[in-house]
Trainee: 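Let me give you the structure first, and then I'll get to my questions.
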Amino acid sequence: MKKDKLEELLRAAGTESLPAAPADFEGDVMRAIRAQPRHQPVSLFDQLDALFPRLATASVVVIACCGLLVLGSAAFGESSLTDKVTELSEQWFFAAN
Amino acid sequence: VSDDAEILDRIRNGAADEFAELVHRHKSQVFAILYRYERDHHKLEDLAQETFLKAWRSLDQFDQRAPFNHWLARIAVNVALDHLRKIKRQQVEVSLADLGDDALDWLHRDGKSDLDARQAAELLALAMRELSPTEQVVITMQELEGHSIKEICAHTGSSGVAVRVRAMRARAKLRRALERIQKETADKRVRTLK
């Protein structure tokens, strides 16, 4: 295929006359708009969907912080984090008794 | 005569019916953009209506930093892109038989010769099926609508490098598609003559 052939085709296609919009097109659009209100109620799922990237990033940050905390406490020879949490919750639960 | 900004202000103040005036002013531009991607008149009308409905729904987001017609053109290009992606997924088969004889004669003829604009557009639409939706939009805006790289970037939200690469790829693919069509129709012609 010669390079000129494609250029010629593009040039010819570019001169095609474009169709006119139908006369009552504005009416059709306005009828469609009236049938479909501009401010549609936003559902809970839509809101969660909109927040998704932020929620996902926040979750990754929290998980990473927890991971670092566990690794840090293990590296400094502290007793494991699970033991500490268990100890604290026992103190809290049984403090009243 | 009010300009677009004045009409938009009135719409924001509750005169929703004024949107019809904006549709009237810009419908030709929207039809012109979308016709490059959809040649069926009923589907074209649906796409144009979808463009204006999207504009209506997101009028609150239009900050008037750019002219209204630029913003609307961007919405129309996005509607066209979504449409191209949809028909790409459906893998619509376009038959070579749909092409006119003049287009095929032109394709097989050596040297420069005239081709009717409509037949050229149909042949090009067939070759365009080989392109990705974004490549179709870039080559259409650059070659058929005469937009600059900067304008294409503004309408599509792509970088200048991405637009240049897509335009180059699109040209290579179009050339290969035309070669394939030429070969397939040549074989058919030989069989018909036998």
Side-chain angles (χ1 to χ4, degrees), chain A residues 1-69 71, chain B residues 16-17 19-24 27-33 35-36 39 41 44-45 48-53 55-60 103 106-107 109-125 127 139-140 142-146 171 174-180 182:
Chain A
M1 173 62 54
K2 284 179 184 169
K3 195 179 173 183
D4 286 350
K5 211 74 175 169
L6 176 62
E7 303 304 327
E8 218 180 308
L9 183 69
L10 289 168
R11 212 172 18 250
T15 60
E16 189 189 20
S17 55
L18 302 167
D24 191 33
F25 180 70
E26 297 85 341
D28 293 340
V29 172
M30 293 314 288
R31 275 188 286 279
I33 284 173
R34 281 183 205 112
Q36 198 178 4
R38 193 163 129 208
H39 298 288
Q40 289 174 324
V42 184
S43 70
L44 180 67
F45 283 110
D46 289 338
Q47 287 177 26
L48 282 175
D49 197 34
L51 283 173
F52 171 73
R54 287 181 201 173
L55 286 174
T57 313
S59 310
V60 168
V61 170
V62 168
I63 291 167
C65 287
C66 291
L68 285 173
L69 199 67
L71 286 175
Chain B
D17 286 345
F19 191 69
E21 176 58 26
L22 286 180
V23 178
H24 177 72
K27 62 181 179 181
S28 305
Q29 178 202 7
V30 169
F31 270 76
I33 291 171
Y35 184 61
R36 304 286 189 192
R39 302 180 65 78
H41 282 254
L44 172 65
E45 216 175 306
Q49 199 172 101
E50 194 184 325
T51 302
F52 282 107
L53 281 175
W56 168 258
R57 282 198 291 262
S58 45
L59 265 188
D60 293 338
W106 173 85
L107 198 58
R109 215 176 292 143
D110 285 332
K112 282 204 165 188
S113 53
D114 284 337
L115 177 64
D116 170 61
R118 197 195 152 125
Q119 297 243 355
E122 278 167 7
L123 177 57
L124 187 63
I139 200 78
T140 301
Q142 189 181 41
E143 294 297 334
L144 304 186
E145 296 173 355
R171 281 171 175 279
L174 280 178
R175 212 160 281 138
R176 279 200 298 273
L178 288 178
E179 275 170 2
R180 190 181 55 76
Q182 198 177 29

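Because only heavy atoms are used, hydrogens play no part in the values below, and waters and symmetry mates are left out as well, while side chains stay in. Letters A, B, ... mirror the listed sequences (proteins, then strands); counts begin at 1.
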Trainee: Pick from L124(B), L115(B), T140(B): which one has the most heavy-atom pairs with chain A under 4.5 Å?
Mentor: L124(B)

Trainee: Donor-acceptor pair, K5(A) side chain versus R175(B) backbone, under 3.5 Å?
Mentor: no

Trainee: At their closest point, which heavy atom of K27(B) faces which heavy atom of A23(A), and how far apart are they?
Mentor: NZ-O, 3.6 Å

Trainee: Any chance CZ of R118(B) has more than 12 other-residue heavy atoms, nucleotides or ligands included, within less than 6.0 Å?
Mentor: no

Trainee: Taking atom CE of M30(A) and atom CH2 of W56(B), what is their separation to the nearest 0.5 Å?
Mentor: 6.0 Å

Trainee: Which atoms form the tightest heavy-atom contact between A120(B) and L9(A), and what is the distance?
Mentor: O-CD1, 3.5 Å

Trainee: Of the backbone (N, CA, C, O) and the side chain (C-beta and beyond), which part of A16(B) lies under 4.5 Å from a heavy atom of chain A, both, or neither?
Mentor: backbone

Trainee: Could you give the distance from CG (L10(A)) to CD (Q142(B)), rounded to the nearest 0.5 Å?
Mentor: 9.5 Å

Trainee: If you round to the nearest 0.5 Å, how far is CG of D116(B) from OG1 of T15(A)?
Mentor: 8.0 Å

Trainee: Walk me through it: do R34(A) and D17(B) pass the test side-chain contact (heavy atoms from CB on, under 4.5 Å)?
Mentor: CA-CA 10 Å; R34(A) 281 183 205 112; D17(B) 286 345; 3.1 Å; yes

Trainee: Where does E145(B) contact chain A at under 4.5 Å (heavy atoms): side chain, backbone, both or neither?
Mentor: neither

Trainee: Can you say whether L44(B) sits under 4.5 Å from chain A via the side chain, the backbone, both, or neither, judging by heavy atoms?
Mentor: side chain

Trainee: Which heavy atom of E16(A) sits nearest a heavy atom of Y35(B), and at what distance?
Mentor: OE2-OH, 3.4 Å

Trainee: Between G14(A) and R36(B), what is the shortest heavy-atom contact and its length?
Mentor: O-NH2, 3.9 Å

Trainee: Quick one: which of A20(A), S17(A), G27(A), P19(A) has the most heavy-atom pairs under 4.5 Å with chain B, could you say?
Mentor: P19(A)

Trainee: When rounded to the nearest 0.5 angstrom, what is the spacing between CZ in F52(B) and CZ in F25(A)?
Mentor: 5.5 Å

